[in-house]
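Notes for the one structure printed next.
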There are 4 protein chains.
Amino acid sequence: MKQTSVVDDVTRAAVELFASQGYANTSVQQVVEAAGVTKGALYHYFQSKDDLLFGIYERLLSLQTERLTAIVARGEPTAETLRAVCVDVIETSVDFLLEGTVFFRSAHMLSAPRQQEVTRRRRAYHDTFAGIVERGQAEGLYRTDIPVAVLVAHFFSDVHYLSHWYKPEGPEDKTVLAHQLTDLFLVSIAASSASALASAAGSTASAEG
Amino acid sequence: MKQTSVVDDVTRAAVELFASQGYANTSVQQVVEAAGVTKGALYHYFQSKDDLLFGIYERLLSLQTERLTAIVARGEPTAETLRAVCVDVIETSVDFLLEGTVFFRSAHMLSAPRQQEVTRRRRAYHDTFAGIVERGQAEGLYRTDIPVAVLVAHFFSDVHYLSHWYKPEGPEDKTVLAHQLTDLFLVSIAASSASALASAAGSTASAEG
Amino acid sequence: MKQTSVVDDVTRAAVELFASQGYANTSVQQVVEAAGVTKGALYHYFQSKDDLLFGIYERLLSLQTERLTAIVARGEPTAETLRAVCVDVIETSVDFLLEGTVFFRSAHMLSAPRQQEVTRRRRAYHDTFAGIVERGQAEGLYRTDIPVAVLVAHFFSDVHYLSHWYKPEGPEDKTVLAHQLTDLFLVSIAASSASALASAAGSTASAEG
Amino acid sequence: MKQTSVVDDVTRAAVELFASQGYANTSVQQVVEAAGVTKGALYHYFQSKDDLLFGIYERLLSLQTERLTAIVARGEPTAETLRAVCVDVIETSVDFLLEGTVFFRSAHMLSAPRQQEVTRRRRAYHDTFAGIVERGQAEGLYRTDIPVAVLVAHFFSDVHYLSHWYKPEGPEDKTVLAHQLTDLFLVSIAASSASALASAAGSTASAEG
DNA sequence: AATGAATGAGAGTTCATTCAT
DNA sequence: AATGAATGAACTCTCATTCAT
């Protein structure tokens with residue numbers, strides 16, 4: 001009774017191969033062999049190899065956007081919202097670690113229009129995130145001595161980097177890790193941290209800790 | 001009076017093309033055309049296309065290792081050493097932004113032995129960095145409630161991510177940015193920040209800031 | 001009240017696509033889409049793509065053979081018969097200009113047996129035409145200094161060429177054009193024209209007109 | 001000492017295969033096998049299969065344009081010029097019969113820009129030819145009761161049709177044929193032929209011969 | 001030191017046709 | 001009568017690399 005479809009089998013095989021060998025180093029032949037289908041079947045459902053890659057991004061972006069929207073819609077206080085968003089995106093990224101690997105490595109191999117589409121959607125996601133941080137700044141929660149763009153990049157750098165070092169089979173638990181990274185981020189952007197930079201900016205000799 | 005060599009011209013052209021189009025999408029033909037040399041000349045100095053990529057990594061890794069060693073050799077207090085190292089690696093990464101782009105995107109396209117070599121050297125670099133953090137923990141400067149591996153990853157994620165968002169021609173000054181990111185990192189790993197996680201770990205409702 | 005059949009819709013779509021893009025450049029998929037039917041339906045009525053092409057030829061050849069036979073059967077004097085045949089085939093060719101385009105461009109793409117069948121029927125048509133000319137020669141109407149094969153080719157070249165230059169929406173009226181081309185042909189093969197070649201054959205300096 | 005180049009061998013093989021099987025039915029593999037070269041060598045000199053086809057047209061168009069220009073440049077009386085042009089283009093077309101076959105069958109398979117280029121050059125050729133006819137009309141040599149466009153099409157139809165019926169190994173001598181077809185054309189467009197149409201236009205019952 | 005023509009394996013993609021439904 | 005998913009062979013084209021010069 002197990003129902004497998006060509007689309008699912010191919011997508012699964014593609015994610016694994018793209019993540020382990022890279023998009024460019026993976027031939028369509030390898031994908032169809034790993035998926036147990038024929039080339040003709042693949043091209044019946046996908047217009048091009050590019051489509052395979054975009055499909056992976058599409059799923060990930062849709063999922064993350066949806067989750068972000070849902071959390072924001074709960075209408076909790078800013079600090080709680082931001083913490084929930086951070087934890088959630090890290091956990092989701094761990095769940096889709098292969099997809100993330102492919103995403104960050106191979107986005108530049110997409111056709112130009114699709115690259116723009118991906119960029120557009122990621123930007124929308126980042127903008128929503130930035131909006132929460134800005135609201136927190138207005139409420140006096142977060143420091144304002146560093147541009148929001150830098151704060152946002154600082155957070156997403158952790159998300160991005162996960163696929164470069166995190167091993168799901170390793171010692172770090174996904175949930176614990178999500179809270180640890182979130183805490184590192186939230187501590188660093190807290191309004192109370194702002195003073196540190198003021199004295200440190202022009203000198204490497206100030207004390208901290 | 002000849003000021004340009006085949007090796008330099010080719011390397012420069014390769015970095016630019018690999019950064020803008022990706023390694024796999026760049027043909028050797030494109031490289032030789034952009035460098036103004038012939039294929040024969042390129043293959044006289046490089047054994048393979050792989051060599052071109054490895055050469056870029058080689059230079060960047062050597063430079064960063066050398067700078068890290070020099071800073072550590074100054075024998076300053078841990079806090080000053082770590083701050084100096086962080087600022088320096090960020091500034092250097094901005095200076096070699098194209099190389100960084102190539103590095104993080106295309107390392108997986110290297111031949112297996114060279115991929116191992118790169119990994120080995122990056123690990124050595126990270127280990128030295130981790131050693132400084134651990135020394136600081138022993139001195140009571142940095143929090144110990146989060147594994148060092150996570151703290152190290154948290155820092156290098158910023159370095160890594162630079163090539164994805166930072167625009168040298170944009171509004172952010174390189175030095176200012178280096179200090180901002182360093183500050184965000186140092187604040188978050190300070191021993192005094194450790195308490196935050198304790199209360200936050202099991203709940204999303206705790207207050208921060 | 002159903003007024004369209006799969007066969008008709010498909011044939012119409014095939015003629016248009018084959019004429020505008022060429023037989024080889026038109027996929028069966030394009031034909032079924034243009035005809036508004038499915039692939040299964042097409043293959044229910046046609047054995048192969050080749051069948052589509054042959055069907056177009058079949059219709060055109062049958063029609064022209066039928067019309068030629070009808071005109072000859074009227075038993076008019078040779079000159080009248082030939083004129084009527086010429087005018088008719090030109091007019092019919094204009095009416096089936098798309099079919100003509102396909103015919104002359106793509107006949108060589110038919111399977112060998114069908115190519116032979118087409119050749120056989122065209123030859124029969126030409127032979128009947130040649131017979132009329134020969135009868136006219138025997139009656140002293142047409143010149144005998146040029147082989148009949150050349151005279152016949154001279155006429156059919158005009159028919160053939162129509163699809164390369166004639167635009168139904170252009171200024172030339174179909175009937176007028178048919179009479180003009182017929183006149184050019186009949187004038188040139190008239191017995192009284194025979195002397196012209198005699199003096200011209202070995203020299204390019206003779207006068208004409 | 002026989003010098004053969006890849007370009008020549010490939011072009012020769014391509015003309016023969018395209019003429020006998022059609023462009024679309026001939027694979028690049030077949031061309032390289034017939035030419036005795038490798039695929040890589042072919043693609044070193046030709047950018048695409050399209051290039052092969054265009055190269056054939058290019059040579060033919062250049063040759064014919066050059067010859068037309070040379071004849072016109074002799075500045076002979078109109079009648080002599082037109083006769084020389086007609087004889088020459090027919091003889092040349094016989095010499096390049098395979099190229100002609102390819103030309104008329106496969107021009108529509110060229111990429112759009114190249115199709116336009118071919119059309120542009122053929123039109124220029126036809127315009128020069130039409131100019132000679134018009135000059136002859138002004139001089140009272142040729143009939144004016146039929147549009148020049150029809151007269152020009154009437155001539156080129158013979159040239160075009162050659163590849164459909166003429167066999168170089170057959171009984172017709174090239175030069176004799178050229179003069180026969182030229183004569184048929186010149187007789188039919190002579191000013192003295194004009195009266196024939198006047199009485200024939202509205203009726204199929206008039207007598208001729 | 002340098003050339004660039006030539007190689008040849010393998011890439012992504014198309015498509016007429018089949019067949020279970 | 002009709003569907004459309006699936007096949008699989010063949011297609012055009014690319015490209016890192018070699019080697020005679």
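Throughout, protein chains are lettered first and strands after them, A, B, ... in sequence-line order, and every chain is numbered starting at 1.
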#### Entry: Stepwise side chain to side chain donor-acceptor pair (under 3.5 Å) check, B/Arg59 with B/Thr11
CA-CA 11 Å; B/Arg59 268 178 53 205; B/Thr11 301; 5.2 Å; no
### Task
Check the pair D/Tyr23, D/Val102 against side-chain contact (heavy atoms from CB on, under 4.5 Å), reporting the backbone distance first and the verdict last.
CA-CA 8 Å; D/Tyr23 172 78; D/Val102 176; 5.7 Å; no
### Task
Treat primed atoms plus P, OP1 and OP2 as sugar-phosphate and everything else as base, then score nucleotides 12-21 of chain E 5' to 3': B for base contact with protein heavy atoms under 4.0 Å, S for sugar-phosphate contact only, - for none.
BBB-SBB---
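Checking F/dA20 for Watson-Crick or G-U wobble geometry (two distances, each under 3.5 Å) identifies E/dT3 as its partner. Nucleotide E/dG10: paired with F/dC13 (Watson-Crick or G-U wobble, both distances less than 3.5 Å).
Using a cut-off of 4.0 Å between Lys/Arg side-chain N and Asp/Glu carboxylate O, D/Glu117 and D/Arg120 are scored as salt-bridged.
Taking CD of A/Glu33 as the reference point, atom OG of A/Ser27 lies at 7.0 Å (rounded to 0.5 Å).
Here F/dC13 presents its P atom at 12 Å from CG of D/Leu53, a figure rounded to the nearest Å. Rounded to an integer number of Å, the gap from CZ of D/Phe46 to C1' of F/dT12 is 15 Å. Between B/Leu42 atom CG and E/dG4 atom C1' the separation is 13 Å, expressed in whole Å. Nucleotide F/dT14 holds its C1' atom 11 Å from the CD atom of B/Gln30, rounded to whole Å. Taking atom CZ of B/Phe18 as the reference point, atom P of F/dA16 lies 9 Å away to the nearest angstrom.
Among the heavy atoms of the strands lying under 4.0 Å from A/Val6 are primed sugar atoms or P, OP1, OP2 only; no base atom is included.
One finds no side-chain N or O of A/His44 lying less than 4.0 angstrom from the OP1 or OP2 phosphate oxygen of F/dA6.
The side chain of D/Thr38 has E/dG8 as its nearest neighbour among E/dG4, F/dG4, E/dG8.
Closest approach of D/Leu98 and D/Glu16 over heavy atoms only: CD1-CG, 3.8 Å. Contact record, D/Ser163 with D/Phe104: OG-CD1, 4.4 Å, taken as the closest heavy-atom pair.
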